[in-house]
Engineer: 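Let me give you the structure first, and then I'll get to my questions.
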Amino acid sequence: MPSNIPATTIRIEPEVKREATVILDELGLSMSSAVNAFLKALVREGGMPFEMKVRKATEKA
């Protein structure tokens with residue numbers, strides 16, 4: 001990655017990071033490249049690149 005790109009610090013829950021890292025390793029991607037891909041999709045879509053909705057209180061998660 002070019003050195004002119006500033007570093008950004010984010011907080012990730014340890015278990016989520018561990019599980020994501022296992023998947024990303026299988027895909028041959030770094031956490032940084034995955035976050036960049038997500039942010040590029042966010043910009044491209046003009047919002048979250050996936051559906052977000054609130055479940056009704058009677059639905060089970």
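Keep in mind the model is a prediction, meaning the values are calculated, not measured. These numbers come from the heavy atoms of this one structure, side chains and all, not from hydrogens, waters or symmetry mates.
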Engineer: Starting from the C-alpha separation in whole Å, work towards a yes-or-no answer on side chain to side chain contact (heavy atoms under 4.5 Å, CB included) for L39 and V43.
Structural biologist: CA-CA 6 Å; L39 294 175; V43 170; 5.7 Å; no
Engineer: From L24 CG over to S32 OG, what is the distance, rounded to the nearest 0.5 angstrom?
Structural biologist: 10.5 Å
Engineer: Quick check on the hydrophobic clustering: are L27 and V22 connected, directly or via other members, by side-chain heavy-atom contacts under 4.5 Å?
Structural biologist: no
Engineer: For A37, give me all partners under side chain to side chain contact (heavy atoms under 4.5 Å, CB included), at least two apart in sequence or on another chain.
Structural biologist: none
Engineer: Would you please name every residue forming a side chain to side chain contact (heavy atoms under 4.5 Å, CB included) with K40, sequence neighbours left out?
Structural biologist: none
Engineer: According to salt bridge (charged side-chain N to carboxylate O under 4.0 Å, His left out), who are the partners of E51, at least two apart in sequence or on a separate chain?
Structural biologist: K53
Engineer: Is there a path of hydrophobic side-chain contacts, each under 4.5 Å between heavy atoms of I, L, V, M, F, W or Y residues, that connects M52 with V16?
Structural biologist: yes
Engineer: Cluster question for you: counting only ILVMFWY and a side-chain heavy-atom cut-off of under 4.5 Å, with indirect links fine, are I5 and V35 together?
Structural biologist: no
Engineer: Any side-chain heavy atom of E13 within less than 4.5 Å of one from K17?
Structural biologist: no
Engineer: Would you name the heavy atoms of E45 and M48 that are closest together and state the gap between them?
Structural biologist: CB-O, 4.5 Å
Engineer: Ignoring hydrogens and geometry, is there a side-chain-to-backbone donor-acceptor pair from S33 to L29 under 3.5 Å?
Structural biologist: no
Engineer: Which atom names give the shortest non-hydrogen contact between M31 and I12, and what distance separates them?
Structural biologist: SD-CD1, 4.4 Å
